[in-house]
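Following: one structure in C-alpha cells, then a few remarks.
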Number of protein chains: 2
Amino acid sequence: MAEDDPSPRRDGRTTDTRQRIEATALRLFATRGFAATSLRNIADELGITKAALYYHFPAKKDLARSVFQPFIDDVDALLSRLDGRRSPREILSAYAEALVPHRATLTAMLRDPAAAVDLDLAEVSARWLSRVGALLDDEDDPSPERRVRTTVAFGGLTRALMLPDAEEPATREAAVAAAVAALDSR
Amino acid sequence: MAEDDPSPRRDGRTTDTRQRIEATALRLFATRGFAATSLRNIADELGITKAALYYHFPAKKDLARSVFQPFIDDVDALLSRLDGRRSPREILSAYAEALVPHRATLTAMLRDPAAAVDLDLAEVSARWLSRVGALLDDEDDPSPERRVRTTVAFGGLTRALMLPDAEEPATREAAVAAAVAALDSR
DNA sequence: GTCTATAGACCGATAGAC
DNA sequence: GTCTATCGGTCTATAGAC
C-alpha cells in the first residue's frame, strides 16, 4: 500500500532530497494552497535553490503529481475493495481508515481547486464522487433528502479526519459513528 | 442585513460596474481560489482592462475585502444573536439560515487559506471557531469525542450548504436534522 | 471611467559551470 | 547534485492621456 512517507525508487536507492522536497511541498500545498506555493518557497525552506528542484522534478506539475499520487492510488484501491455490497458503516469506516495516512494530502486537494484543474485531478475526483455516491445510495429511499444526508455524513467525516488527533482510533470511531447517525437521521 | 447582492453606495447612487466587478471576483475566487485569480482574469471576463479595476478598488486586497465583508458581517451578527442559551438544533439551524445567502463566499473562504492570511481573516475565523465551539459545548459531556461530533456536525452541515439546491427549505431542514443526529450520536 | 503604456517584482523553467 | 545567471512571461500597481 502506498504511503505519503519515504519510499525507495525503482533502482532501490533512496533519494533523501527527493523525499524532503515532496514532504515540504505537501506541507506548503496543504497550508497555503498549490497556486500560492512557489518553487522558491519550497527551495528556501529546504535551504537549496530553485534550480536544484528542477534536477529532481522536470516541472512543478510533476512534483505535485508525485505528491498526490500515493493518495490517488489508495483511494482507487479503497473503491475497488468496496465494490460489493457493504453497509454504510463499513463504507464510512473503510473510508476513514484509508484516508487517515493522507490527511495532509486530503487537505491540500480539497483546498485548491486550481491544482485539481492543472493536474487533471478534476476527472479523478468526479469519478470518486459518483462511485461513492452509488455505494451509499439507498434504493429504499431515493429522495433528494437522502443525498443531503450522505453529503453531511461524508463532508463531516472528511472534516473530522483533519482534526489533530484523527490518528487515534477512538477519535475515528466517534467520527464514523457520528457520520452514520447523520446518514440514518429521519 | 448585508447581502452578496447589489447594494447602493453611501451617496445613494448605484455603481453598476463596481457590483459587477465584485460579483465576477467572487465567482472566480470560489471556483479557482483567490491566489489563482488575477485582476486580468476578472477584467477580461468583464470586458474591461486591469487599470479600470484600479479605479474602483485601490488594490486586489481591497476588492477581496469588499467581497468578503458582507459575509463576515452576517456571521458576526449571527454570533451576537446566539449569545444566550440555545439548543444545538437552534444554533445549527440559525447557522444554516444565515449562511445560505453567502454560499459562494463560504466556498471561496474555505478553499483559499492564502486569502485568509493575506486579508487577516485567519484571526476572524479563529474567533468564530472558538465561539461556535463554546456554543455547542455540552457541560454534561466534555469528552474529546464530543468535539469530534461537533466537527462532523458543523463540517457536514457546511458542506451541505454548498449543494446546488441549498436554498430550498427542505434541503436545509434535512441537512440540519442530519447535523443534529451527528451531534447526538453516542 | 476607461484607456495605453510601463515599472518593478516574482513566476516557472533552462543553460552551463563545478 | 547543486550552484549562478538568465530568459520570457505574468503579476500587482501606477502614470498620464482622453
Side-chain angles (χ1 to χ4, degrees), chain A residues 6 8-26 28-29 31-68 108 112-120, chain B residues 6 8-26 28-29 31-68 108 112-120:
Chain A
R9 287 170 91 192
R10 273 169 298 290
D11 61 12
R13 287 173 63 263
T14 57
T15 53
D16 183 58
T17 303
R18 195 184 157 94
Q19 295 159 17
R20 285 173 59 229
I21 292 171
E22 288 173 353
T24 302
L26 173 55
L28 293 181
F29 290 165
T31 52
R32 312 180 179 196
F34 173 74
T37 301
S38 72
L39 295 179
R40 188 174 210 285
N41 295 147
I42 299 169
D44 283 355
E45 292 235 354
L46 288 167
I48 62 177
T49 63
K50 238 187 347 170
L53 289 184
Y54 277 95
Y55 173 81
H56 298 276
F57 299 94
K60 188 185 183 185
K61 227 179 262 210
D62 297 281
L63 169 56
R65 261 183 211 288
S66 185
V67 164
F68 289 133
D112 212 317
V117 173
D118 277 12
L119 307 169
D120 304 317
Chain B
R9 285 170 92 191
R10 276 168 296 293
D11 61 12
R13 286 174 65 264
T14 57
T15 52
D16 184 57
T17 303
R18 196 186 157 93
Q19 295 159 15
R20 286 174 58 230
I21 292 171
E22 288 173 352
T24 302
L26 173 56
L28 292 181
F29 289 165
T31 52
R32 313 181 178 196
F34 174 72
T37 302
S38 72
L39 295 180
R40 188 175 210 285
N41 294 146
I42 300 170
D44 283 354
E45 292 235 354
L46 288 167
I48 62 176
T49 63
K50 246 186 340 172
L53 289 184
Y54 276 95
Y55 173 80
H56 297 278
F57 300 93
K60 188 185 182 184
K61 227 178 262 209
D62 297 281
L63 169 56
R65 260 181 212 288
S66 187
V67 164
F68 290 133
D112 212 316
V117 173
D118 278 12
L119 306 170
D120 304 317

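The basis for the numbers below is simple: all heavy atoms, side chains too, and nothing from hydrogens, waters or symmetry mates. Every value quoted in this text rests on a predicted model; they were computed, and no experiment measured them. Chain letters run A, B, ... following the sequence lines, proteins first, then strands; residues in each count from 1.
One interatomic measurement links the two molecules: OH of B/Y55 to C1' of D/dA13, which rounds to 17 Å at whole-angstrom precision. If you take CD1 of B/I48 and C1' of C/dT4, they are 15 Å apart, rounded to a whole angstrom. Rounded to an integer number of Å, the gap from CZ of B/F34 to P of D/dC11 is 14 Å. Rounded to a whole Å, the CG atom of A/L46 is 11 Å from the P atom of D/dC3. Taking atom CD1 of A/I42 as the reference point, atom P of C/dC10 lies 17 Å away to the nearest angstrom. Rounded to whole Å, the distance from CG on B/L63 to C1' on D/dC11 is 15 Å. Here the C1' atom of nucleotide C/dT2 and the CG atom of B/D44 are 15 Å apart, to the nearest Å.
Between B/T49 and C/dC3 there is a side-chain polar atom (N or O) within less than 4.0 angstrom of OP1 or OP2. Contact annotation: B/T17 side-chain N/O to C/dG1 OP1/OP2 distance is not under 4.0 Å.
B/D62 is linked by a salt bridge (charged side-chain N to carboxylate O under 4.0 Å, His left out) to nothing, counting only residues two or more places apart in sequence or in another chain. Applying the side chain to side chain donor-acceptor pair (under 3.5 Å) rule to B/T49 yields no partners; only residues at least two apart in sequence or on another chain are considered. Looking at residues two or more places apart in sequence or on another chain, you find no side chain to side chain donor-acceptor pair (under 3.5 Å) involving A/T17. Evaluation of the side chain to side chain donor-acceptor pair (under 3.5 Å) rule for A/T31 yields no partner, not counting sequence neighbours. For B/R65, there are no side chain to side chain donor-acceptor pair (under 3.5 Å) partners two or more places apart in sequence or in a different chain.
Comparing C/dC3, D/dG1, C/dG1 by their nearest atom to the side chain of B/H56 picks out C/dG1.
When the C1' atoms of four end pairs are superposed on the next four at each end of the helix from C/dG1-D/dC18 to C/dC18-D/dG1, using five pairs per end, the two resulting axes differ in direction by 0°, to 10°.
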Item to complete: Could you encode protein contacts along nucleotides 11-18 of chain C as a string, one character per nucleotide from 5' to 3', using B for base contact, S for sugar-phosphate-only contact and - for no contact, with a heavy-atom cut-off of under 4.0 Å?
Response: SBBBB---
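Residue B/I42 holds its CD1 atom at 6.5 Å from OG1 of B/T37, rounded to the nearest 0.5 Å.
Residue pairs meeting the salt bridge (Lys or Arg N to Asp or Glu O under 4.0 Å) criterion with at least one partner in residues 38-55 of chain A, sequence neighbours excluded, are A/R27-A/E45, A/R40-A/D44. Among residues at least two apart or in separate chains, ring-ring contact (aromatic ring centres under 6.0 Å, His included) pairs with a member in residues 33-60 of chain B are B/F29-B/F34.
B/D16 places a side-chain heavy atom less than 4.5 Å from the side chain of B/Q19.
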